[in-house]
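Here's the structure we're looking at; comments come further down.
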Amino acid sequence: MSNSIESVLVETRVFPPPASAVQGATISGMDAYRALAAQAERDPDAFWARMARENLQWTKPFTQVLDESKAPFYRWFGDGELNVSANCLDAQVAKGNGDKVAIIFEADDGKVDKITYSQLLARVSRFANGLKSLGYKSGDRAIIYMPMSIEAVVAMQACVRLGVTHSVVFGGFSAKSLQERIVDVGASLVLTADEQIRGGKQIPLKPAVDESLTMGGCEAVRKVVVYKRTGGKVDWTEGRDVWMHDVEAGQPDACAPVPVNAEHPLFILYTSGSTGKPKGVQHASAGYLLWAILTMKWTFDARPDDVFWCTADVGWITGHTYIAYGPLACGLTQIMFEGVPTYPDSGRFWDMIARHKATIFYTAPTAIRSLIKACEGNPKTHPSQYALDSLRIIGSVGEPINPEAWMWYYKNVGRERCPIVDTWWQTETGGHMITPLPGATPLKPGSCTLPLPGITAAIVDETGEDVPAGNGGFLVIKRPWPSMIRTIWGDPDRFVKSYFPPELKGYYLAGDGAQCDTDGYFWIMGRIDDVLNVSGHRLGTMEVESALVAHEMVAEAAVVGRPDDTTGEAVVAFVVLKRSRPEGAEAQAIAQQLRDWVAKEIGPIAKPRDIRFGDNLPKTRSGKIMRRLLRVVAKGEAITQDVSTLENPAILDQLSKSL
Ligand code: WTA
């Protein structure tokens, strides 16, 4: 749990929404919020049915709303049919938004490309037709391993147009991680690019695909479609590899969207859990899109003239819901950015907001914290140097935002006039769950405030009983909601075990610890399981441990998180080698080897910040590793706990020394 929790809970500042934000907001004022929440509470089925009728276009209307007969495998709108891509693109063109810019793409080097809704629809259709001619159809699964690009959105939208379920893998994952996902999801198609460009550097992508396909288990992959981003040299497997532009070439501009059942798997997105390998979180089509649209309207108060910018990568859930689907389904103009916030300098975000006149800006606390450091150190890049007056709402996602970072963001970026929406949600929830409404909710720095209408969030103890305000407990969602995870792909037992433990009365267990204050505001305290949050990315400690022990030199490893001012948490690994404990320069060299190894096994985001070598790990007499103590050691704090149950207390001294 985060270090700053105590400082968070004594936070007393309250910032009511400015009148300008309240006026004309989709949900305007607390009374409107309470009224909508009460409606959802009174008759959930009627509420969700109305929302689904008003916000989605159905090719076959649904008659059932929630089907609980196989709980917790809930079904929503289960006899309806629709196509998500048609709801995002065709619907906009039909509404007269054809000539409106859908995406303003800014490349790493600053080059800007714009695409309108009609053009996007035509591109998606051509590409979908091309995929169809390669034999792909509803029910197939595609892995997308692409950089931030209009092409990535085209790839996702083209898949769903055909009913092909996609699974996007973040471009920072290694060949090994990619292969595991290809195998698990049973992909027959891989979509990638030659290279990606970030911070002025060209980073190859296709070699990881080539390598992953030689690792075994990927025999179902028939085609690898390659977007030519840089024209860098790539190896080519004839018959398997094909350029994206060749797939599109000569295809008609129209492609009939394939209607699918509301519950058809729209995508599978892998995320870390507390044990074992990453879980393939399966989302359905209709419920997911409905919530993407509603949260765009409620949390971001989306309006037709907005210029929306979510800085997430499409490889994460935030980039799915708030780039590839939500903004398009709401007909907004959005900014998409290829690069990094610090290139060419740390003013890049502010400069882009000013140039493109962004009205809604949505980013992660880790980016804010690193920019605070960089911009305070380089006044030329400070937000005060840029015209940010187009902004009206700013948002935060992915991890707790500490009050200091919140205040800096509020003052310097929002100029004390833009509400901050601190959105709590997860890969599994599909969209925002607990968040301020910009035109209603009084803000408290560090709190994600109140649940959205229809979301029955609560804090309970280990028997599922509500805990009183001010007491910590498990964050749960008591009733199902349309965009919830449907299952873990290929592992329904794990789905039930992870999210619906029997002692919690059938509530959805989020895996976060939290508490409510007397105003009913939620304060997230961090994960209750062995999941780390490093720069807003979820990582399982077990994943990193498995990667380390897979190295031939390593006998044993234990991984914990250490609070970090910039990245939220940092990975600290305690390692026992098969040989004697190394020291000095040799230890440094081996630590570097192990870091590189983890990058190869999982991806650079999983690299341990700190590696400590020991002759052993602290264990109880029954041989259990005491991770609790390791967390204290990792922080550099003195051990005050009783260590008499340890078999080898002296080991703690050895492990407390950094290299
Ligand atoms: C954490 C990202 C505090 C939380 C959308 C959750 C947050 C995990 C917040 C999900 C927030 C996300 N305040 N903590 N506003 N948003 N988290 O699946 O621990 O990558 O369980 O989804 O991030 O991470 P995921």
Side-chain angles (χ1 to χ4, degrees), residues 1-5 8-9 11 168 170 172-173 267-274 278-281 283 288 291-292 295 299 310-323 326 362-369 394-403 405-406 409 420-436 441 443-452 455 457 474-477 483-485 488 498-499 508-515 521-540 561 563 567-569 605:
M1 299 215 180
S2 137
N3 231 3
S4 55
I5 194 68
V8 159
L9 291 172
E11 180 61 55
V168 184
F170 173 60
F173 278 117
F267 65 83
I268 293 156
L269 185 57
Y270 285 83
T271 190
S272 296
S274 42
K279 333 183 242 203
V281 172
H283 277 288
Y288 170 83
W291 199 233
T295 51
T299 311
C310 166
T311 69
D313 191 283
V314 287
W316 309 114
I317 189 69
T318 310
H320 280 57
T321 311
Y322 300 109
I323 294 177
Y362 190 38
T363 195
T366 186
I368 298 165
R369 288 191 300 262
I394 56 180
S396 168
V397 55
E399 47 178 325
I401 177 164
N402 45 309
W406 194 100
Y409 193 33
I420 296 183
V421 289
D422 173 3
T423 59
W424 177 86
W425 59 297
Q426 310 177 292
T427 305
E428 293 87 342
T429 69
H432 306 150
M433 301 295 279
I434 309 178
T435 172
T441 319
L443 307 173
K444 301 187 190 183
S447 169
C448 54
T449 75
L450 301 166
L452 287 171
I455 302 304
F474 304 127
L475 176 55
V476 297
I477 313 294
S483 68
M484 68 193 299
I485 174 177
I488 293 174
S498 308
Y499 303 111
Y508 167 83
L509 175 68
D512 279 351
Q515 57 176 280
Y521 276 45
F522 284 74
W523 301 82
I524 306 294
M525 294 152 75
R527 300 286 307 188
I528 52 170
D529 51 14
D530 291 320
V531 172
L532 305 182
N533 194 324
V534 180
S535 297
H537 303 321
R538 266 168 76 168
L539 269 181
T567 55
E569 279 186 298
I605 52 171

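When a ligand or atom number is given, it counts from 1 through the structure's own listing order.
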I'd like to check the side chain to side chain donor-acceptor pair (under 3.5 Å) partners of T311; sequence neighbours left out, ordered by chain and number.
T363
Should the pair E569-R527 be classified as a salt bridge under the 4.0 Å nitrogen-to-oxygen rule?
no
Would you please name every residue forming a side chain to side chain contact (heavy atoms under 4.5 Å, CB included) with S272, sequence neighbours left out?
R538, E543
Pairs under 3.5 angstrom, nitrogen or oxygen on both sides, ligand 1 versus protein: list them out, please.
residue, atom, partner, partner atom, Å
ligand 1, 13 (N), E399, O, 3.4
ligand 1, 14 (N), P400, N, 3.4
ligand 1, 15 (N), D422, OD1, 2.7
ligand 1, 15 (N), T423, O, 2.7
ligand 1, 16 (N), G398, N, 3.2
ligand 1, 16 (N), T423, O, 3.4
ligand 1, 17 (N), G398, O, 3.3
ligand 1, 18 (O), T427, N, 2.8
ligand 1, 18 (O), T427, OG1, 2.5
ligand 1, 18 (O), R538, NH1, 2.8
ligand 1, 19 (O), D512, OD1, 2.8
ligand 1, 19 (O), D512, OD2, 3.1
ligand 1, 21 (O), Q426, NE2, 3.0
ligand 1, 21 (O), D512, OD1, 3.1
ligand 1, 21 (O), D512, OD2, 3.0
ligand 1, 21 (O), R527, NH1, 2.8
ligand 1, 22 (O), T427, N, 3.4
ligand 1, 23 (O), G398, O, 3.1

Which residue, I524, T435, V421, forms the side chain to side chain contact (heavy atoms under 4.5 Å, CB included) with C448?
I524
Do T321 and Y288 have side-chain atoms, one donor and one acceptor, less than 3.5 Å apart?
yes
Ring pair (Phe, Tyr, Trp, His ring centres under 6.0 Å) filter on F170, not counting sequence neighbours, yields W316, H537
